[in-house]
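Chain identifiers are assigned alphabetically (A, B, ...) following the order of the sequence lines, protein sequences preceding nucleic acid strands; residue numbering begins at 1 within each chain. Hydrogens, waters and symmetry mates play no part in the numbers below; they use all other heavy atoms, side chains included. Only a predicted model underlies this, so the values are computations on that prediction, with no experimental measurement involved.
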There are 2 protein chains.
Amino acid sequence: MRQAADLNCPPSIDAQQALTRAETLCQQRGARLTELRRRVLEIIWNSATPLGAYTILDMLRDDGRQGAPPTVYRALDFLLAQGLIHRLALLNVFTGCRRPGSHHGGQFLICRDCGRVSELSNPAIDELLRAETDARGFEVLAQTVEILGRCPDCLKEPAHHG
Amino acid sequence: MRQAADLNCPPSIDAQQALTRAETLCQQRGARLTELRRRVLEIIWNSATPLGAYTILDMLRDDGRQGAPPTVYRALDFLLAQGLIHRLALLNVFTGCRRPGSHHGGQFLICRDCGRVSELSNPAIDELLRAETDARGFEVLAQTVEILGRCPDCLKEPAHHG
DNA sequence: TAATAAATGTTATTTTATAACATAACATCG
DNA sequence: CGATGTTATGTTATAAAATAACATTTATTA
C-alpha cells in the first residue's frame, strides 16, 4: 500500500506546465484566458501554499496593477469554472489543480502547520461517494473532501512551532 | 444497494433525544452544558436546515437574550469540541450531529435548493481516507467530506425555483 | 467568605465575499 | 472602417463571517 498514492496520482505538474496547459484548454474551449486571469493562475502556482483572495490581490498590486476584491474574485471564479484551480473550503484559499481538464472533486490533505497541500485523486473514494449519492437519487454539483492535519515533515518537529 | 444508507447510518435522532444525549455526554465528561449552550444546540436541532452563526444570534435575541457574535461563536466552539454539532465548511453553517459521542468526520449531502442536509457515515469512505493518510504519514486532525447538489425532492421540480 | 476559574457581556476590528454600477476592451457584422 | 453588442475590468460601497481584547458576571472550591 505504500505506493498507492503514486499509482493513483498523475504526475505532478509545475507552474510552467500548468500555465501552458491552461492556455491550451481555454483555447480549445473558446474561453478567454486574459492577462489578468493568467497572472492570477501564475501567482497561485508560484506559491508553495494555497493563497487567499486578498493575498492574491496584494500581489496583483505589487505588479503595479490596480484592483479591488471583485477583480480577484472574478478571476478566481473563471479559473474555478474552467477547473484550473480548487477552492479549499476549510481555509478559504485557492490552489492550482493538478489534473486540469477533468472536472473532478479531488481530495486534499492540508497541513495545519506549514500550510502545504497534497491533492489526491483516489478513484475508489470518488466511486464510494458516487454510490452513496446514486443510491439516494442525489445529483452532485460539487464535491469537497478535505483533511486538515499535520504532514510528515511537520510531525518531525517537536510540536507545532509557536 | 438501495438500502446502503440505512445500513450505514445509525437511526436518526430528533431534537429532544439530541438534547438529552448531550446532557448525558457532558455530565459524563465534566463539561458544562450551560443554558446558553443548550439553547444554541436546541436552536440548531429545531431547524430543518443548518443555520449560520448570525441566524442563531438573531434567534437568541428573539428569546430576549442579549448577545453579540462572540456569544454564538463561543457556544458553537464548545458544541463542536464536544462533537455535538458539525460545521459545514462549504456554506459556513452548523448542523446537529447524528452520532454524538463518537468524534467522527462524517459525510454530508447538502441540497443547494432546499438547504437540507443528510449526514452519512460510510465506514468504507473513512477507511479509504485513513489508508491514504496512513500511507503518507499524515496525522489527521479534522475531516471534511461535503457534497453539494440537489436532493431527490428538489430534482422533481422543473428547475431550481428562481 | 475570599480566591480562583470559567463563562458571558461588550466594543471594535479583521477577514472574506458580493452588489451595483461605470468604463474599457473585444468581437462581428454591415 | 465604424456602429453595435458582448465580455471583461474598474470602482465604490457594503454585506457576511469570524475574532481580538478587555470587562463583568457566574460558578467552583479552598
Whole angstrom is fine here: how far is it from [atom1] in [X] over to [atom2] in [N]?
{"X": "Leu57(B)", "N": "dT11(C)", "atom1": "CG", "atom2": "C1'", "value": "14 Å"}
{"X": "Leu88(B)", "N": "dA18(D)", "atom1": "CG", "atom2": "P", "value": "11 Å"}
{"X": "Gln82(A)", "N": "dT7(D)", "atom1": "CD", "atom2": "P", "value": "14 Å"}
{"X": "Leu51(B)", "N": "dA16(D)", "atom1": "CG", "atom2": "C1'", "value": "15 Å"}
{"X": "Phe78(B)", "N": "dT8(C)", "atom1": "CZ", "atom2": "C1'", "value": "14 Å"}
{"X": "Asp58(A)", "N": "dT14(C)", "atom1": "CG", "atom2": "C1'", "value": "14 Å"}
{"X": "Leu91(A)", "N": "dT19(D)", "atom1": "CG", "atom2": "P", "value": "12 Å"}

Sole residue of Asn46(B), Ile56(B), Asp58(B) in side chain to side chain contact (heavy atoms under 4.5 Å, CB included) with Leu51(B):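 Of all the options given, the one that passes is Ile56(B).
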Partner set under side-chain contact (heavy atoms from CB on, under 4.5 Å) for [X], not counting sequence neighbours:
{"X": "Ala81(B)", "value": "none"}
{"X": "Glu127(B)", "value": "Arg130(B)"}
{"X": "Ala53(A)", "value": "Val72(A), Tyr73(A), Leu76(A), Phe94(A)"}
{"X": "Glu35(B)", "value": "Arg65(B)"}

So, using salt bridge (Lys or Arg N to Asp or Glu O under 4.0 Å) as the criterion, who are the partners of Arg61(B) when residues are at least two apart?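 Checked Arg61(B) against salt bridge (Lys or Arg N to Asp or Glu O under 4.0 Å); zero matches.
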Using side chain to side chain donor-acceptor pair (under 3.5 Å) as the criterion, list what pairs up with Asp63(A), not counting sequence neighbours.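 So Asp63(A) forms a side chain to side chain donor-acceptor pair (under 3.5 Å) with Arg39(A).
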Tell me, please, which residues at least two apart from Glu23(A) pass side chain to side chain donor-acceptor pair (under 3.5 Å). Arg38(A)
Please tabulate the protein-to-nucleotide N/O contacts below 3.5 Å involving nucleotides 17-19 of chain C, giving atom names and distances.
{"unit_1": "dA17(C)", "atom_1": "OP1", "unit_2": "Arg87(A)", "atom_2": "NH2", "d": "2.4"}
{"unit_1": "dA17(C)", "atom_1": "OP1", "unit_2": "Asn92(A)", "atom_2": "OD1", "d": "3.4"}
{"unit_1": "dA17(C)", "atom_1": "OP2", "unit_2": "Tyr73(A)", "atom_2": "OH", "d": "2.8"}
{"unit_1": "dA17(C)", "atom_1": "O5'", "unit_2": "Tyr73(A)", "atom_2": "OH", "d": "3.3"}
{"unit_1": "dA17(C)", "atom_1": "N7", "unit_2": "Tyr54(A)", "atom_2": "OH", "d": "2.4"}
{"unit_1": "dA17(C)", "atom_1": "N6", "unit_2": "Tyr54(A)", "atom_2": "OH", "d": "3.2"}

Would you say Thr71(A) reaches dT9(D)'s phosphate, i.e. side-chain N/O to OP1/OP2 under 4.0 Å? no
Give a yes/no answer on whether the side chain of Gln66(A) brings an N or O atom under 4.0 Å of OP1 or OP2 in dT9(D).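 So the side chain of Gln66(A) is outside the cut-off, no N or O lying under 4.0 Å from OP1 or OP2 of dT9(D).
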Please write out which residues are connected to Leu90(A) in a hydrophobic cluster, directly or through intermediates, given that two of Ile, Leu, Val, Met, Phe, Trp, Tyr count as joined at side-chain heavy-atom separations below 4.5 angstrom.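 Answer for Leu90(A): Leu88(A), Leu91(A), Val93(A), Phe108(A), Ile110(A), Val117(A), Leu148(A).
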Hey, could you give me each pair passing salt bridge (charged side-chain N to carboxylate O under 4.0 Å, His left out) that has a residue in residues 71-87 of chain A? Not counting sequence neighbours.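 Of all non-adjacent pairs touching residues 71-87 of chain A, none passes salt bridge (charged side-chain N to carboxylate O under 4.0 Å, His left out).
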Quick check on contacts: within residues 32-44 of chain B, what sits under 4.0 Å from DNA chain C by heavy-atom distance? Arg32(B), Thr34(B), Leu36(B), Arg37(B)
Hey, what bend do you get for the helix from dT1(C)-dA30(D) to dG30(C)-dC1(D) if you fit axes on five pairs at each end, rounded to 10°? 20°
Indicate yes or no: at least one non-hydrogen side-chain atom of Ser121(A) is less than 4.5 angstrom from one of Arg99(A). yes
Taking N and O atoms by type only, does the side chain of Arg74(A) place a donor or acceptor under 3.5 Å from a partner on the base of dG10(D)?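 Flag set: donor-acceptor pair detected.
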